[in-house]
There are 2 protein chains.
Amino acid sequence: MTKKSADPANGSAPAARQVPMRDFSRSLPMSLLRAREAVMRQFRPSLREHGLTEQQWRILRALAAIEAVEVTELARTAFLLGPSLSRILRDLEARNLIERKTAKADQRRSMVSISKEGVKLMASVAPTSEAIYAEITRRFGARKLAELQEMLGELERSLAGLGGADETIAGE
Amino acid sequence: MTKKSADPANGSAPAARQVPMRDFSRSLPMSLLRAREAVMRQFRPSLREHGLTEQQWRILRALAAIEAVEVTELARTAFLLGPSLSRILRDLEARNLIERKTAKADQRRSMVSISKEGVKLMASVAPTSEAIYAEITRRFGARKLAELQEMLGELERSLAGLGGADETIAGE
DNA sequence: GGGAGATGCTTAACATGTTAAGTGAATGCG
DNA sequence: CGCATTCACTTAACATGTTAAGCATCTCCC
């Protein structure tokens, strides 16, 4: 439906096909990207209806399970970089979905926690979110889903310590 | 090495633990995100050395395999949204890595192709890139890698047509 | 053949990813 | 104590993701 046949109605054909590489669309990064997008596409509309982005939702979920965390620890949990988290927390705080207060022992640290309003918002989103997740599980198969997650974890572990660049290993 | 023990030196503990949900860090989107990040972390430094971002590299690779494509088709291939692609093409064109000319038959369409310089740049990046991919394959295992990719493809297919929102199905 | 609607692409606006620099508060050590 | 370092975060700057408009061009159909 999408691709027509060749369209040779063009003059000079510029350079191409010089560099042999794996078929681009089958590279691992692309597979992972497409799979994740296919999954997130299911959730985004529902989140959007509640005025939340994917990352904001991640943060609220991470906060819902604990009393309070430091920003750095939250960044690890929600898998966000510091600067992104910093901005998002500023916004979530302005919307009264989270609360922040500096730690007593160390003035540098700030402890973040979800607010009552935040909990309320989560309660209104969670059912739909869980339903979507259930449907995905149903379609793909619970067994296969578990297998997939296991493989993803293995992949992650097998690449740990192969840090692309400044690894700052002991003895450096 | 990273997490200390509990630090109960805090007064009022705000609302939390009200909304029961799956363990956040084990959700499928997070697994996919972390796995992809683990992989991309390997490639980014090399690309960066050559002044390329991940997306720019995707575009060059997509272009290397063909003579010329329309922008929309390229967006599909490189898995980028129109607006992102539009910006990136503007920059790549300014750097003389790609060429663009409007199609004769339809003035709306513009045909994009990689330039001689673009091919040269690819040739300088490809070896390192392939080496990294080979190392990833070695670490994770070629067999398992193929399995993983197969599962990712299945996941994608099983969610196709479950379009999160405005699906624009016939009869709507 | 002319105007309504579809199409291909770009711009705009806002949120996040990514790297680097900045800031204020702890720490280590002479 | 004093001061260089480290640490926890925040700001800044630039690139992309994401949605909505904008703008030509094309198509279709009366």
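Per chain, numbering begins at 1; letters A, B, ... match sequence-line order. Values in this document were obtained by computation on a predicted structure and should not be read as measured data.
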Using the side-chain heavy atoms of [X], tell me which of these nucleotides is nearest: [options].
| X | options | answer |
| --- | --- | --- |
| B:I88 | D:dC9, D:dT16, C:dG8 | D:dT16 |
| A:D106 | C:dT18, C:dA26, C:dG17 | C:dA26 |
| B:T53 | C:dT18, D:dT16, C:dT11 | D:dT16 |
| B:R109 | D:dA20, D:dG17, C:dC9 | C:dC9 |
| A:E37 | C:dT11, C:dA20, D:dT18 | D:dT18 |

Less than 4.0 angstrom between a side-chain N/O of [X] and OP1 or OP2 of [N], yes or no?
| X | N | value |
| --- | --- | --- |
| A:R48 | D:dA20 | yes |
| B:R100 | C:dT10 | yes |
| B:Q107 | C:dG8 | no |
| B:S84 | D:dG17 | yes |

Nearest-Å distance, [atom1] ([X]) to [atom2] ([N])?
| X | N | atom1 | atom2 | value |
| --- | --- | --- | --- | --- |
| A:K104 | C:dA25 | NZ | P | 18 Å |
| B:R41 | C:dT18 | CZ | C1' | 12 Å |
| B:Q56 | D:dG17 | CD | P | 11 Å |
| A:D91 | C:dA13 | CG | C1' | 15 Å |
| B:R44 | C:dA20 | CZ | C1' | 16 Å |
| A:E70 | D:dT10 | CD | P | 12 Å |
| B:F79 | D:dG17 | CZ | C1' | 12 Å |
| A:K101 | D:dC9 | NZ | C1' | 19 Å |

Review point. Want to settle it: does A:L33 or A:G82 sit nearer the 5' end of DNA chain D, counting the closest nucleotide to each?
Key: A:G82

Practice item. Could you walk me through whether A:S115 and A:E99 pass side chain to side chain donor-acceptor pair (under 3.5 Å), step by step? Key: CA-CA 6 Å; A:S115 72; A:E99 290 163 13; 4.8 Å; no

For [Y], is there any backbone N or O sitting under 3.5 Å from a side-chain donor or acceptor partner on [X]?
| X | Y | value |
| --- | --- | --- |
| A:Q42 | A:V39 | no |
| B:S129 | B:V125 | no |
| A:R95 | A:R90 | no |
| A:Y133 | B:L28 | yes |

Checking all strands, does [X] fall into the base, sugar-phosphate, or nothing category for heavy-atom contacts under 4.0 angstrom?
| X | answer |
| --- | --- |
| A:T72 | sugar-phosphate |
| A:L85 | nothing |
| B:R87 | base |

Study note, to complete from the structure: When the rotation axes relating C1' atoms of four end pairs to the next four are compared across the helix from C:dG1-D:dC30 to C:dG30-D:dC1, five pairs an end, they differ to 10° by 10°

Review point. Any ion pair linking B:R157 and B:E150 (charged N to carboxylate O, less than 4.0 Å)?
Key: yes

Exercise for review: Salt-bridge test for A:R139 and A:E135: reply yes if a basic N is under 4.0 Å from a carboxylate O, no otherwise.
Suggested key: yes

Practice item. Using only heavy-atom distances, decide whether a donor-acceptor pair under 3.5 angstrom links the side-chain of A:R108 to the base of D:dC7. Key: yes

Practice item. Among A:R100, A:R87, A:K101, find the one that has a salt bridge (charged side-chain N to carboxylate O under 4.0 Å, His left out) with A:E93. Key: A:R100

